[in-house]
Amino acid sequence: MTVRIAPSLLAADFTRLGQEVEAVAAAGADWLHLDIMDGHFVPNISFGPAVVKALRPLTKIPFDVHLMIAPADPYLEAFAAAGADLISLHPEAGPHIHRSLQTIRALGCKAGVVLNPGTPVAAVENLLDLADLVLVMTVNPGFGGQSFLESQLPKIAALRRMITQSGREIALQVDGGITAATAPRCIAAGADVLVAGTAVFGAADYAAAIAALRGGGGG
Ligand code: DX5
Ligand code: ZN
């Protein structure tokens, strides 16, 4: 299984966002993970579509936009127009996740469903035909630098089984507390896209940090 690494810009130096994007792309990042927070759905505020749009011309790697906003529906078009390749959202962020996923695909983006630590696997069961990605939160959303929740490992494994059974091409992403120590456990459970903020942007050598997460640099 090919493992992709998606550094989360939330942990980057915000005074040098452009250079940070270029640096992680040059260091081998597969995707750039962009955490959008509204101070309402989660207790933190990050940045919006204008920042995504400003960064878009700096690299060709896919922009993986993780929406932690409610409602999300009124902003889907803005993030698609800003250059998102993939837009993920939480079922709790609106009344009709199925419709939101249809909208994301109609806007020409890939669509993802995000499961909070307390959200059961069953929440995606009837969405697999509309999902290009399922994201398992391995922390409660809102902040970088939190500790990995071991309790989510069986959920990752259950989703891997569900995806395999479906015969569909759906990426299985993990986000929160991913380090060179927790990454192999997520990969063993079936994750194939790893989001990492602190473990990449907090490292002195981004390329070595990305390689370590991938399993190529120890860990
Ligand atoms: C948390 C965000 C994460 C966060 C991860 O709400 O969704 O993407 O940036 O940060 P680390 O890797 O530091 O746990
Ligand atoms: Zn995220």
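Just so it is clear, the structure is predicted and the values come from calculations on it, not from any experiment. Atoms within a ligand are numbered from 1 in the order they appear, just like the ligands themselves. Values below: every heavy atom of this structure, side chains too, minus hydrogens, waters and symmetry copies.
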Closer than 4.0 Å to some heavy atom of [X] - which atoms of ligand 1 meet that?
{"X": "Pro141", "result": "6 (O)"}
{"X": "Gly176", "result": "14 (O)"}
{"X": "Met37", "result": "6 (O)"}
{"X": "Asp175", "result": "2 (C), 3 (C), 4 (C), 5 (C), 7 (O), 8 (O)"}
{"X": "Met68", "result": "6 (O), 7 (O)"}
{"X": "Gly144", "result": "10 (O), 13 (O)"}
{"X": "Ala196", "result": "12 (O)"}
{"X": "Leu10", "result": "9 (O)"}

N or O pair under 3.5 Å between Val195 and ligand 1: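 Min N/O separation from ligand 1 is not below 3.5 Å for Val195.
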
Are any of the N/O atoms on Gly197, whether in the backbone or the side chain, positioned under 3.5 angstrom from an N/O atom of ligand 1? yes

Non-hydrogen side-chain atoms of [X] and [Y] separated by less than 4.5 Å:
{"X": "Arg160", "Y": "Ile156", "answer": "no"}
{"X": "Asn44", "Y": "Met68", "answer": "no"}
{"X": "Leu153", "Y": "Phe148", "answer": "yes"}
{"X": "Phe47", "Y": "Leu34", "answer": "yes"}
{"X": "Leu115", "Y": "Leu159", "answer": "yes"}

Looking at [X], I want to see if its [atom1] is surrounded by more than 12 non-hydrogen atoms of other residues, nucleotides or ligands under 6.0 Å.
{"X": "Tyr75", "atom1": "OH", "value": "no"}
{"X": "Gln102", "atom1": "CD", "value": "yes"}
{"X": "Arg99", "atom1": "CZ", "value": "no"}

Just by distance, do the side chain of Asp85 and the backbone of Phe63 share a donor-acceptor pair under 3.5 Å? yes

Taking Leu9's backbone N and O only, do any of them form a donor-acceptor pair with Glu20's side chain (distance below 3.5 Å, no angle check)?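 Answer holds: no.
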
Identity and separation of the nearest protein heavy atom to [atom]:
{"atom": "atom 6 (O) of ligand 1", "answer": "Gly142 N, 2.7 Å"}
{"atom": "atom 11 (P) of ligand 1", "answer": "Gly145 N, 3.6 Å"}
{"atom": "atom 1 (C) of ligand 1", "answer": "Phe143 O, 3.6 Å"}
{"atom": "atom 2 (C) of ligand 1", "answer": "Asp35 OD1, 3.4 Å"}
{"atom": "atom 9 (O) of ligand 1", "answer": "Ser8 OG, 2.8 Å"}
{"atom": "atom 14 (O) of ligand 1", "answer": "Gly177 N, 2.8 Å"}

Consider only side-chain N and O atoms of His66 and Asp64, and report whether a donor and an acceptor are under 3.5 Å apart.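 Result is no, nothing qualifies.
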
If we count only N and O atoms by modelled type, under 3.5 Å, do the side chains of His90 and Asn116 hold a donor and an acceptor together?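 A pair is found: one side chain offers a donor N or O, the other an acceptor, under 3.5 Å apart.
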
Is any protein N, O or S atom closer than 2.8 Å to the Zn ion (ligand 2), and if so, which?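 His33 NE2, Asp35 OD1, His66 ND1, Asp175 OD2, with waters left out.
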
Go through the structure and list residues passing side-chain hydrogen bond (donor to acceptor under 3.5 Å, both in side chains) with Ser100, not counting sequence neighbours.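 Ser100 satisfies side-chain hydrogen bond (donor to acceptor under 3.5 Å, both in side chains) with Asp73 only.
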
Can you tell which part of Thr198 has a heavy atom less than 4.0 Å from ligand 1: side chain, backbone, both or neither?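 Answer for Thr198: both.
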
Would you call the rings of Tyr206 and Phe201 parallel, tilted or perpendicular if under 30° counts as parallel and over 60° as perpendicular?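 Tyr206 and Phe201: perpendicular rings.
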
